[in-house]
Amino acid sequence: MAKFLIVEARFYDSYNDMLIAGARQSLEAAGHEVEVLTVPGALEIPGAIAMAAESGGYDGFVAIGVVIRGETYHFEIVAGESARGILALTMDGIAIGNGILTTENEAQTLVRADPGQKNKGGEAAKAAMALLELRDRFER
Ligand SMILES: Nc1c(NC[C@H](O)[C@H](O)[C@H](O)CO)[nH]c(=O)[nH]c1=O
Ligand SMILES: CC(=O)[C@@H](O)COP(=O)(O)O
């Protein structure tokens with residue numbers, strides 16, 4: 001059993017609840033322990049994961065959030081830079097699955113958040129578990 005921390009940026013409650021449900025279901029079905037931490041927005045997720053990883057208290061992480069395009073360039077910054085920060089952490093050997101949705105509208109978001117449809121939360125959890133297995137394999 002491993003311990004996973006879901007770090008969520010809670011911008012849209014209903015979609016986050018679905019994404020977390022999907023991630024939690026995947027992790028708990030595999031016998032893992034799950035905690036949830038909430039941060040203000042997707043840009044804070046990489047830093048929060050870095051801090052939590054430094055604590056040594058978690059084996060893996062799942063980033064959860066929703067970024068829906070608005071009127072300005074801010075979408076590109078939030079979507080792109082949160083992803084870049086997460087990738088940089090994974091390249092440092094931290095097992096993270098990225099479940100931050102970056103969409104054009106709420107219809108696209110719902111399909112991807114719903115565990116009964118595209119289940120991107122569950123998908124991100126499975127990616128985190130896969131990276132943890134790789135890390136354990138290569139560190140033996
Ligand atoms: N517009 C969205 C944001 N924006 C907030 C940023 O993520 C960040 O918290 C702020 O710039 C302060 O540093 N965050 C989301 O998660 N989703 C959005 O749609
Ligand atoms: C993704 C965003 O930044 C969005 O929520 C904010 O919209 P806007 O670009 O209209 O400020």
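Note that the structure is predicted; figures quoted are calculated from it, not measured. Counting convention: from 1, in listed order, for ligands and their atoms alike.
Considering CG of D59 and CD1 of I94, their distance stands at 12.0 Å, rounded to 0.5 Å. Interatomic distance, CG of L19 versus CZ of R10, reported as 9.5 Å (0.5 Å rounding).
With respect to atom 10 (O) of ligand 2, the closest heavy atom belonging to the protein is E71 N, 2.7 Å. The protein heavy-atom contact nearest to atom 9 (O) of ligand 2 is T72 OG1, 2.6 Å. Protein heavy atom closest to atom 1 (C) of ligand 2, with residue, atom name and distance, is I68 O, 3.3 Å.
Using a cut-off of 4.0 Å between Lys/Arg side-chain N and Asp/Glu carboxylate O, K120 and E123 are scored as salt-bridged.
Annotation for L43 and S82: closest pair CD2-N, 4.0 Å, computed over non-hydrogen atoms. Contact detail for M18 and A113: the closest heavy-atom pair is CB-O, 3.4 Å. Contact between G31 and M1 at its shortest, heavy atoms only, is O-CG, 2.8 Å. Closest non-hydrogen pair, F11 versus V66, comes out as CB-O, 4.1 Å. Residue L5 comes nearest to Y58 through the heavy atom pair CB-CD2, 3.7 Å, listed as atom of the first residue, atom of the second, then distance.
Residue H74 places at least one N or O, backbone or side chain, under 3.5 Å from an N or O of ligand 2.
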Hey, what polar pairs (N/O, under 3.5 Å) does ligand 1 make with protein?
from     : atom 1 : to  : atom 2 : distance (Å)
ligand 1 : 7 (O)  : A42 : N      : 3.1
ligand 1 : 7 (O)  : L43 : N      : 3.2
ligand 1 : 9 (O)  : E44 : OE1    : 2.5
ligand 1 : 13 (O) : E44 : OE2    : 2.6
ligand 1 : 16 (O) : A42 : N      : 2.9
ligand 1 : 17 (N) : V66 : O      : 2.9

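Per-residue contacts place G70 under 4.0 angstrom from the following atoms of ligand 2 (heavy atoms of the residue considered): 7 (O), 8 (P), 9 (O), 10 (O).
With sequence neighbours excluded, the residues satisfying ring pair (Phe, Tyr, Trp, His ring centres under 6.0 Å) with F4 are H32.
Only the side chain of V67 comes within 4.0 Å of ligand 2, judged by heavy-atom distances.
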